[in-house]
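As structure tokens, the structure follows; a few thoughts come after it.
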Amino acid sequence: MPENVIKLVQMLFGETHAKVVKVMLEDSNRELRDEEIARRLGMRINDVRRVLYQLHNNQIVSYRKVMDPNTRWYTYFWKLNVNNIYALIRRRKRRVLEILKQRLEYERANTFFKCTSGKGCPVVTFDVAMEHYFRCPVCGAPLEQFDNSKIIRFLEKEIAKLEEELSENV
Amino acid sequence: MSRSVLLEEQILSLLRKMRTPIPQSQIAKMLNIDSRLVSRALARLARSGKIRRNYVTLNGKRLLVVYPVKTVEEYADIPYIPCLLCPNLNKCGIGQEFDPTKCEKLTHWLIHNSERGS
């Protein structure tokens, strides 16, 4: 379980975030102060705080703040919420599903043209092609119609796959 | 491979195939194995974090249902769509700062994979 969590954090946020999460997992039964995490990792406290705030924005860590009655300064105690990582992935998948649906609609609604030069110029829509008199806006070579039916089929398949994954309750 | 490990594998593959939570009592019947062996194997799987067990009440009966926890290998397939790991995912949408119709990474992934898939 801890290795899974560290790997997922590394994939989603990067190496530094994974290091911070690793330290928090080692002491998962108690709250940690940002100074303590910074000391254990040999990192600057500002960097640790930046990482913690990013993780907090994604609900992976939570904090409790306590005011020192003498200095009136706040001390933050951070706690890891492991299960929220899986919820985060589900949320991101839901967002990706929306994006893929938008792209599918765009692919269905437009006719595309591609450059015949084979230099890897971007595919353009009919409106852009007409504006440039059916010449490539990048290299000037003639444009030919691009069949996007394979892309549409592929998108439909991926959307169905994601919808199925999200409908599962496990 | 010992008998207990084989049984654990068998239970895990059954749970993954079913995809929905199954009452613990059903597993022994489905595999046609002694229920005592199954409950011990399930306890080991729950301790190692491979499955989760929860009590649910169905028709007044309290049932222990079992379901598999996704492994990192199953979650590790998440980079297959570039958007999943994209830092701009929440700013992306038609007419927004990052547009899925103009995204080079998404277009490249779509063209490359649709050609390969056909």
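Per chain, numbering begins at 1; letters A, B, ... match sequence-line order.
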Pairwise distance [atom1]([X]) to [atom2]([Y]) - rounded to 0.5 angstrom:
X: A/Arg91; Y: B/Asn90; atom1: CZ; atom2: CG; answer: 9.0 Å
X: B/Lys102; Y: A/Tyr106; atom1: NZ; atom2: OH; answer: 7.5 Å
X: A/Lys114; Y: B/Ile111; atom1: NZ; atom2: CD1; answer: 9.0 Å
X: A/Arg95; Y: B/Cys92; atom1: CZ; atom2: SG; answer: 6.5 Å
X: A/Leu100; Y: B/Leu110; atom1: CG; atom2: CG; answer: 7.5 Å

Any [X] side-chain heavy atom under 4.5 Å of [Y] side chain:
X: B/Thr107; Y: A/Arg103; value: yes
X: A/Ile99; Y: B/Ile81; value: no
X: A/Phe154; Y: B/His112; value: no

Treat each ILVMFWY residue as a node, draw an edge where side-chain heavy atoms are under 4.5 Å apart, and state whether [X] and [Y] are in one component.
X: A/Val82; Y: A/Phe77; answer: no
X: A/Leu143; Y: A/Phe126; answer: yes
X: A/Tyr74; Y: A/Tyr53; answer: yes
X: A/Leu166; Y: A/Leu104; answer: yes
X: A/Ile151; Y: B/Trp109; answer: yes

What's the verdict on side chain to side chain contact (heavy atoms under 4.5 Å, CB included) for A/Gln102 and B/Thr101, showing C-alpha distance, side-chain angles and the deciding distance? CA-CA 8 Å; A/Gln102 286 179 359; B/Thr101 63; over 6 Å; no
Considering all heavy atoms of both residues, which atom of A/Arg92 and which atom of B/Leu84 are nearest to each other, and what is their separation?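 Closest pair (atom of A/Arg92, atom of B/Leu84, distance): NE-O, 2.7 Å.
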Given that the side chain runs from C-beta out, which part of [X] has a heavy atom under 4.5 Å from chain B: side chain, backbone, both or neither?
X: A/Ile152; result: neither
X: A/Lys161; result: side chain
X: A/Glu158; result: side chain

Other residues, nucleotides and ligands only: do more than 12 of their heavy atoms fall within 6.0 Å of CD on A/Glu35?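 For A/Glu35, atom CD is crowded (more than 12 foreign heavy atoms under 6.0 Å).
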Against chain A, work out which of B/Cys103, B/Pro87, B/Cys83 has the most heavy-atom pairs shorter than 4.5 Å and name it.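 Of the options given, most contacts go to B/Cys83.
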Region of B/Asp99 in contact with chain A, defined by heavy-atom distances below 4.5 Å: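 Answer is neither: B/Asp99 stays 4.5 Å or more from chain A.
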